[in-house]
Amino acid sequence: MNNLDLYNGFSEVDDDILQRSENATVPRTVPRRRRLSFVLIAAILALLLMGSGIMVTILGDDIQDLYSLFWEKVTGQSMSDQHIALIDRLSQEIGISETVDGVTVTVDSATVGTQDFSILLRAEGLDFSKRRVYGFDETKLNMDPKTLEDVSLSTSYSYRFLGFDADGAILMLIQGHYTVKEPFRKEPPPLTVTLSMTNFVQSPWSDNRFPLAEGVWEFTFSMDRHELDLRELPDTQVTGVDYSNKNTPAETPVTLTNIVLTNLGLSFRYDRQDGNVSLDIHIFDVKLVLDSGQEIVPISSSESDLQAKSGYCTYTWMFPANLDEVATLEIGDAVIPIG
């Protein structure tokens with residue numbers, strides 16, 4: 001079994017486990033439909049990055065290096081020069097720090113698109129054990145509504161412990177997503193966020209929780225949102241389920257419209273027919289197939305009701321994708337060539 005098979009295997013986890021996982025996450029604003037649990041994703045990446053119970057040391061200085069490591073762990077290959085250049089273009093250094101009770105937290109760097117962002121955090125100042133997990137009792141991230149210009153339909157975020165850098169500092173990753181009415185503006189304004197973390201602890205969310213530093217680390221900063229490579233794709237038919245007869249749900253063809261593929265994600269709409277029709281598509285049924293045969297799968301998905309009859313679905317890729325290296329997009333049983 002390769003790493004991508006391991007990742008896909010988590011699709012079989014039942015909803016009860018997902019719900020328990022989500023109950024353990026840090027507080028966050030959640031969209032109207034359940035997204036794939038960020039705790040589940042953390043478990044996936046932990047399996048990819050750990051060995052013999054000891055957290056891996058992540059070599060590199062910024063979020064670009066982190067994406068390269070994830071890519072190599074999942075695909076077994078190095079990123080192409082073009083792929084690296086894309087991630088460099090979408091990433092930015094932030095470099096602000098605050099020290100509380102002897103622990104210095106740095107907002108290091110970020111990768112930002114029109115609807116998604118990832119923020120790399122670094123914590124140092126204590127002697128950390130590479131056999132332990134670290135984090136905060138509480139993490140809050142607020143997006144300034146003025147910078148979203150009232151276009152946000154729903155938001156979500158989470159953070160996870162990743163491991164250590166070469167100097168022994170702790171690395172953590174915050175990921176955020178928001179759905180918008182018109183998500184692909186040519187020149188979106190910078191996104192301003194306020195990030196606060198309370199009480200730094202060893203083994204958070206467990207019976208072995210041990211406090212290391214008390215206080216609040218708080219940062220307010222802006223991130224440039226970058227124009228993405230965008231492909232508008234033709235309407236495509238997939239399989240859905242018609243629940244108009246509650247006693248006998250039936251398969252029915254559903255046409256996806258307004259399909260937009262970008263480096264960071266995918267969105268489309270479909271007619272829900274007064275709420276009677278839904279898609280029969282699992283998150284792992286959506287994927288990008290590269291020219292090399294490697295696949296990029298979503299790390300999260302959401303669905304919102306734009307109107308009573310219309311469903312708006314979004315998917316966020318596990319890694320930023322170089323669309324020039326993509327052969328096809330698969331949505332359920334539909335295969336769409338990408339030119």
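From Gln273, atom CD reaches atom OG of Ser310 across 11.5 Å, with rounding to the nearest 0.5 Å. With rounding to the nearest 0.5 angstrom, the OG1 atom of Thr192 is 12.0 Å from the CG atom of Asn142. Taking CG of Leu195 as the reference point, atom OG1 of Thr139 lies at 7.0 Å (rounded to 0.5 Å). Taken to the nearest 0.5 Å, the OG1 atom of Thr106 stands 10.0 Å off from the CG atom of Leu120.
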Kindly determine whether Ser118 and Tyr67 satisfy side chain to side chain donor-acceptor pair (under 3.5 Å), including the steps that lead there. CA-CA 10 Å; Ser118 298; Tyr67 275 125; 3.0 Å; yes
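The shortest side-chain heavy-atom distance between Val201 and Tyr134 does not fall under the 4.5 Å cut-off. Annotation: side chain of Thr194 is in contact with side chain of Glu218 (closest heavy-atom distance under 4.5 Å). For the pair Phe221/Val193, a side-chain contact is recorded, criterion being any heavy-atom separation below 4.5 Å from C-beta on. Counting heavy atoms from C-beta on, the side chains of Ile119 and Leu141 come closer than 4.5 Å. Under the 4.5 Å side-chain criterion, counting only non-hydrogen atoms from C-beta, Leu228 is in contact with Leu90. Using a 4.5 Å heavy-atom threshold, the side chains of Leu230 and Val260 count as touching. At a threshold of 4.5 Å between non-hydrogen side-chain atoms, the residues Ser278 and Tyr243 count as touching. With contacts defined as side-chain heavy-atom distances shorter than 4.5 Å, the pair Asp271/Val254 does not qualify.
A side-chain donor-acceptor contact under 3.5 Å links Ser68 to the backbone of Gln64. With hydrogens and angles ignored, the 3.5 Å screen pairs no side-chain donor or acceptor of Tyr270 with any backbone N or O of Val238. Remark: side-chain polar atoms of Thr255 are not paired, donor with acceptor, to backbone N or O of Gln237 under 3.5 angstrom. A donor-acceptor pair under 3.5 Å links the side-chain atoms of Thr262 to the main chain of Gly265, judged by distance alone. The main-chain N or O of Val103 is found under 3.5 Å from a side-chain atom of Trp217 such that the two form a donor-acceptor pair. Distance alone, capped at 3.5 Å, is enough to place a donor-acceptor pair between the Thr236 side chain and the Pro234 backbone. Of the possible donor and acceptor atoms, one in the side chain of His83 sits under 3.5 Å from a partner among the backbone N and O of Pro320.
Under a hydrophobic clustering in which Ile, Leu, Val, Met, Phe, Trp and Tyr are joined whenever their side-chain heavy atoms come within less than 4.5 Å, directly or via other members, Ile84 and Leu323 fall into the same cluster. Hydrophobic cluster membership differs between Val241 and Leu256, with clusters built from Ile, Leu, Val, Met, Phe, Trp and Tyr side chains linked at under 4.5 angstrom. At a threshold of 4.5 Å between side-chain heavy atoms, the hydrophobic network of Ile, Leu, Val, Met, Phe, Trp and Tyr places Met143 and Ile94 in one connected group. Side-chain heavy atoms closer than 4.5 Å link hydrophobic residues (I, L, V, M, F, W, Y) into clusters, and following such links, possibly through other members, connects Met197 to Leu212. Transitive grouping of hydrophobic side chains (ILVMFWY, heavy atoms separated by less than 4.5 Å) brings Ile283 and Leu261 into a common cluster.
Residues Lys287 and Phe284 come closest through the heavy atom pair CE-O, 3.8 Å. Pairing each heavy atom of Ser222 with each of Gln92, the nearest pair is O-OE1, 4.4 Å. The minimum heavy-atom distance between Asp62 and Asp108, with the atom names listed, is CA-OD1, 3.7 Å. Considering every non-hydrogen atom in both Ser97 and Phe219, the closest pair reads C-CE2, 3.7 Å. Closest approach of Ala321 to Leu86, counting heavy atoms only: O-CD2, 3.1 Å. Taking every heavy atom of both residues into account, Glu98 and Val216 meet most closely at OE2-O, 3.3 Å.
Counting only residues at least two apart or in different chains, ring pair (Phe, Tyr, Trp, His ring centres under 6.0 Å) contacts with residues 318-339 comprise Trp71-Phe319. Identified under the salt bridge (charged side-chain N to carboxylate O under 4.0 Å, His left out) test for residues 82-95, with sequence neighbours left out: none.
There is a side-chain donor-acceptor pair under 3.5 Å between Glu325 and Asn322. Of the N and O atoms on the side chains of Thr248 and Asn245, at least one donor lies less than 3.5 Å from an acceptor on the other residue. Side-chain atoms of Asp242 and Ser244 form a donor-acceptor pair, as typed in the model, at a separation below 3.5 Å. At a cut-off of 3.5 Å, with distance as the only test, no side-chain donor of Ser267 or Thr314 sits close to an acceptor on the other residue. One side chain, Ser91 or Thr111, offers a donor N or O that lies under 3.5 Å from an acceptor on the other.
At a threshold of 4.0 Å, the pair Asp229-Arg231 counts as salt-bridged, since one of the basic side-chain nitrogens sits closer than that to a carboxylate oxygen. Taking the charged nitrogens against the carboxylate oxygens, Glu303 and Arg272 do have a contact shorter than 4.0 Å, which makes a salt bridge.
Qualifying ring pair (Phe, Tyr, Trp, His ring centres under 6.0 Å) partners for Trp317, counting only residues two or more places apart in sequence or in other chains: none. For Phe200, the ring pair (Phe, Tyr, Trp, His ring centres under 6.0 Å) partners are Phe128, Phe136, not counting sequence neighbours. Taking Tyr315 as the reference, nothing meets the side chain to side chain donor-acceptor pair (under 3.5 Å) condition, with sequence neighbours excluded.
Phe161 and Phe164 have perpendicular rings, their planes meeting at more than 60° on a 0 to 90° scale where under 30° would count as parallel.
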Side-chain donor-acceptor contacts of residues 327-339 below 3.5 Å, not counting sequence neighbours, with atom names and distances?
unit_1 : atom_1 : unit_2 : atom_2 : d
Asp333 : OD2    : Thr239 : OG1    : 3.3

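Other residues, nucleotides and ligands contribute at most 12 non-hydrogen atoms within 6.0 Å of the CD atom of Glu214.
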